[in-house]
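Computation of the quantities below employed the complete heavy-atom set of this structure, encompassing side-chain atoms and omitting hydrogens, waters and symmetry-equivalent molecules. The model shown is predicted, which means the values in this text are computed figures rather than measured ones. In this chain, residues are counted from 1 in sequence order.
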Amino acid sequence: MSSKLNISHEKMPHIVWAIIFILIAIIATQWHSELIKDPPTTLGTVGFFATAYGILFAIIELGRTKNAAILVKKEVQRALNMVKGIDSAQEIVECLNTTSLALASLEEGKAIPNALLCQIIKHYSQLFHIELEDDSSEHRRVRSTIQAYSFIPPKSSEKESSQGPRSNSKKTRAALLEITGHLAQRQGSNKTFTEHTE
């Protein structure tokens with residue numbers, strides 16, 4: 001039932017304009033009887049009005065097609081934005097998980113495995129690639145701290161000085177906590193963005 005109503009609604013402008021053209025044609029032939037004085041002239045008059053209506057029909061359909069194309073473009077963009085949001089959300093969750101594991105390792109007095117460090121650096125770099133372009137950004141400083149850790153990991157067998165492995169662990173812990181804050185902030189902005197695109 002609703003599809004029939006939609007079809008009739010779409011045809012309504014054409015029907016209205018067809019009626020208008022028929023009325024104009026009738027009035028024109030009443031005022032100028034020479035428009036239908038003989039079969040060839042009548043055929044020419046009918047052809048003129050039919051052509052004029054055809055042009056109007058095409059203009060109406062062109063406008064409708066343009067509107068449909070704009071709507072399709074908006075929907076495609078919305079879908080792409082949602083996919084990007086989902087990809088970014090997965091990246092954030094993975095980075096949060098690896099960051100939590102790295103913090104747990106430090107809390108237990110163990111060295112953070114290099115595989116975890118690589119994952120954190122990879123995800124963090126992908127999520128904050130724009131911020132990392134700025135050499136003086138806190139994102140660049142935090143990532144540098146994590147990268148430096150892999151060169152001086154804490155060793156439980158070594159005597160820890162104030163400038164030694166323990167100091168490096170404290171800096172790394174602080175950097176990991178900052179990363180967690182950045183990720184949470186990005187996650188919040190992603191949720192807001194997704195709500196606006198729905």
Asks: Run the side chain to side chain donor-acceptor pair (under 3.5 Å) test on Asp38 and Thr41 for me, step by step, so that the C-alpha distance in whole Å, both residues' side-chain angles and the decisive distance to 0.1 Å come before the verdict.
Replies: CA-CA 5 Å; Asp38 54 39; Thr41 307; 2.6 Å; yes
Asks: Between Ile24 and Val16, is there a shared hydrophobic cluster once you connect ILVMFWY residues whose side-chain heavy atoms come closer than 4.5 Å?
Replies: yes
Asks: Is Ile22 reachable from Ile15 through a run of I, L, V, M, F, W or Y residues, each pair having side-chain heavy atoms under 4.5 Å apart?
Replies: no
Asks: Looking at Arg143, Arg141, Lys171, which one forms a salt bridge (charged side-chain N to carboxylate O under 4.0 Å, His left out) with Glu178?
Replies: Arg141
Asks: Taking atom SG of Cys118 and atom CD1 of Ile146, what is their separation to the nearest 0.5 Å?
Replies: 12.0 Å
Asks: Quick one, Ile112 and Leu176 - any side-chain contact, counting heavy atoms below 4.5 Å?
Replies: yes
Asks: Can you tell me how far CZ of Arg173 sits from OG of Ser169, rounded to the nearest 0.5 angstrom?
Replies: 6.5 Å
Asks: Is it the case that atom CD1 in Ile130 sees more than 12 heavy atoms from other parts of the structure closer than 6.0 Å?
Replies: no
Asks: Can you tell if the side chain of Phe57 reaches within under 4.5 Å of the side chain of Tyr53, non-hydrogen atoms only?
Replies: yes
Asks: Hey, could you give me the CD1/NE2 distance between Ile92 and His123, rounded to the nearest 0.5 Å?
Replies: 11.5 Å
Asks: At what distance, to the nearest 0.5 angstrom, does OG1 of Thr98 lie from CD1 of Ile121?
Replies: 10.0 Å
Asks: Going through the distances and angles, do Glu138 and His182 end up as a side chain to side chain donor-acceptor pair (under 3.5 Å)?
Replies: CA-CA 10 Å; Glu138 61 182 25; His182 294 160; 2.9 Å; yes
Asks: Output the distance between atom CD (Glu108) and atom CG (Leu106), rounded to the nearest 0.5 Å.
Replies: 9.5 Å
Asks: Out of curiosity, does Phe49 fall in the hydrophobic cluster containing Leu43 (side-chain heavy atoms, cut-off under 4.5 Å, transitive links)?
Replies: no
Asks: Taking NZ, NE, NH1 and NH2 as the nitrogens, is one of them in Glu131 or Arg140 under 4.0 Å from a carboxylate oxygen of the other?
Replies: no
Asks: If two hydrophobic side chains count as joined below 4.5 Å and joins carry through other members, does Ile26 share a cluster with Phe48?
Replies: no
Asks: Could you report the tightest heavy-atom contact between His129 and Gln126, atom names first, then the distance?
Replies: CD2-O, 3.0 Å
Asks: Roughly how far apart are Thr172 OG1 and Gln147 CD, rounded to 0.5 Å?
Replies: 11.5 Å
Asks: How far apart are the closest heavy atoms of Ser105 and Pro113, and which atoms are they?
Replies: OG-CD, 4.0 Å
Asks: If only atom types and distance count, is the side chain of Ser137 paired as donor or acceptor with the main-chain N or O of Glu133 below 3.5 Å?
Replies: no
Asks: Assert yes or no for the condition that the ring centre distance of Phe128 to Tyr124 is strictly below 6.0 Å.
Replies: yes
Asks: Indicate if Leu177 and Ile179 have the same hydrophobic cluster label, given that clusters are the connected sets of ILVMFWY residues with side-chain heavy-atom separations under 4.5 angstrom.
Replies: yes
Asks: Cys95 and Thr99: side chain to side chain contact (heavy atoms under 4.5 Å, CB included), yes or no, with the steps?
Replies: CA-CA 6 Å; Cys95 197; Thr99 305; 4.2 Å; yes
